[in-house]
Amino acid sequence: MDYYRQLDKGGKEKLEWQVSSFDWSLLDLIRGQSDAHERGCFSPISVLTASELEKNASAYETQGVEAIRQGEVGAVLLAGGQGSRLGYDGPKGTLNIGKTKDVFVFELMINELSRIARKSGTFVHLYIMTSDLNYKKTTAFFENKDFFGYPEEYIHFFVQENLPAVDLSGKLLMAERDSLAYSPNGNGGWFLSLGKSGLLEHVHIHGIQWLNVFAVDNVLQKVVDPVFIGAVGSSGADCGTKVIRKTGPEEKVGVLCLEDGVPSIVEYYDLGKDMAESRNEDGELTYGFGVTLNYLFRVEALEHVDMSKLPVHLAKKRIPFAAPDGTKIVPKEENGYKFEYLVLDLIKLMKDCLPCEVVREREFAPIKNLTGVDSIETAQALLEKNGYNL
Ligand code: UTP
């Protein structure tokens, strides 16, 4: 309130607008009064296993390459995250994970796309989602690196939406005297943000029917993978997801299952102990397939999804803010909540989804943490194991 009184007319109007457009019902999530996470009845899902995929790989690949050649496939790289666990000062994609030479995370993804372009004879349009916070650094990085040799006219950037962040008791945090602290609204808003940016028009104009959506973290993933595209395309499903076998009940990955009979993903923190530890007669985990954040969506089907049904999640994070005396504070500990939409919730809103198992040692090396599990070191080791020269 003290802030408000000291503001000039423009500052007051700005802050009033920000506060009045905040959806106060989001605070119910903090008070535990929201039913946004009320879940249905879970059961196991059947998956196209890696060996089944392998058996038909050549036919799937031919079909996938043909779809790419016809220009039917686009790619969406989700790169708007803040990477707070990694604590690297810059967009995660600009991280250099080379040991004897430069190897940037974005570069690995562009190299994959270039490999697919050589195979199919066609460049795939890549749409990169950034946040307000990392847009400038991301675009400047690509320009500085000459887009790693990929044609610039095939790379398009768009910016995701923001939502105000709150402290641990649910009070709105300030970024400036006349402005709330905003944070990126999670990776689940990508399709709406693509639309708002005008790039969905571009998707239509270019006849793109499928979008391969993937995270920046997994440096070993195959993007625009023809086998995956062929498998999903020939199944008739509206979407597909690459899954891996969990290493054990405690692994922190979202788990794919059926919820009230439709494919759905349960985040690891929502997976109860019973479900996490349940095993089939053959000893395999009943809910043993984790998602890798690599999806294929049919564009037409996405357009029929009621995105207002996406639930909002609370993410406890370190959120920079301005103290009452105006001092900027960058906290060392988690000090508040961001509100996030998650791409994994989209699966439940699609009509169907084909889960395709990939071999984790060949396709899953996420960088989430500075050290330990899913860190730069573990990712480097997996890349080297797969023949990458770092
Ligand atoms: P994470 O869930 O790991 O979040 O993102 P994060 O913000 O990058 O990292 P932490 O949790 O703070 O450590 C998974 C993928 O979704 C993207 C990320 O860039 C990453 O590719 N993402 C996440 C967005 O594009 N926007 C967001 O708001 C959040």
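Indexing begins at 1, ligand by ligand and atom by atom, following the structure's order. Note: hydrogens, waters and symmetry copies are ignored here, and every other heavy atom, side chains too, is used.
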Can you list, by chain and residue number, every protein residue with a non-hydrogen atom closer than 4.0 Å to ligand 1?
-> Leu78, Ala79, Gly80, Gly81, Gln82, Gly83, Ser84, Arg85, Met129, Gln160, Pro184, Gly186, Asn187, Ala215, Val216, Asp217, Leu293, Lys317, Lys368

Does one side chain, of Thr286 or Asn280, offer a donor that lies under 3.5 Å from an acceptor on the other?
-> yes

Give every donor-acceptor pair under 3.5 Å between a side-chain atom in residues 219-236 and any protein atom, sequence neighbours left out.
from   : atom 1 : to     : atom 2 : distance (Å)
Gln221 : OE1    : Asn294 : ND2    : 3.1
Gln221 : NE2    : Ala215 : O      : 2.7
Gln221 : NE2    : Asn218 : O      : 3.0
Asp225 : OD1    : Val227 : N      : 3.1
Asp225 : OD2    : Lys242 : NZ     : 2.8
Ser234 : OG     : Gly230 : O      : 2.8
Ser234 : OG     : Ala231 : O      : 3.3
Ser235 : OG     : Val232 : O      : 2.7
Ser235 : OG     : Ala237 : N      : 3.1

First locate atom OH of Tyr135, then atom CZ of Phe157, and finally report the distance between them rounded to the nearest 0.5 Å.
-> 7.5 Å

Quick one: side chains of residues 326-333, donor-acceptor pairs under 3.5 Å with protein atoms, not counting sequence neighbours, listed by atom name and distance.
from   : atom 1 : to     : atom 2 : distance (Å)
Thr327 : OG1    : Asp325 : OD1    : 2.5
Thr327 : OG1    : Asp325 : OD2    : 2.9

Are the aromatic rings of Phe297 and Tyr295 close, with centres under 6.0 Å apart?
-> yes

With clusters built from Ile, Leu, Val, Met, Phe, Trp and Tyr whose side-chain heavy atoms come within less than 4.5 Å, directly or transitively, what are the remaining members of the cluster of Val65, listed by chain and number?
-> none

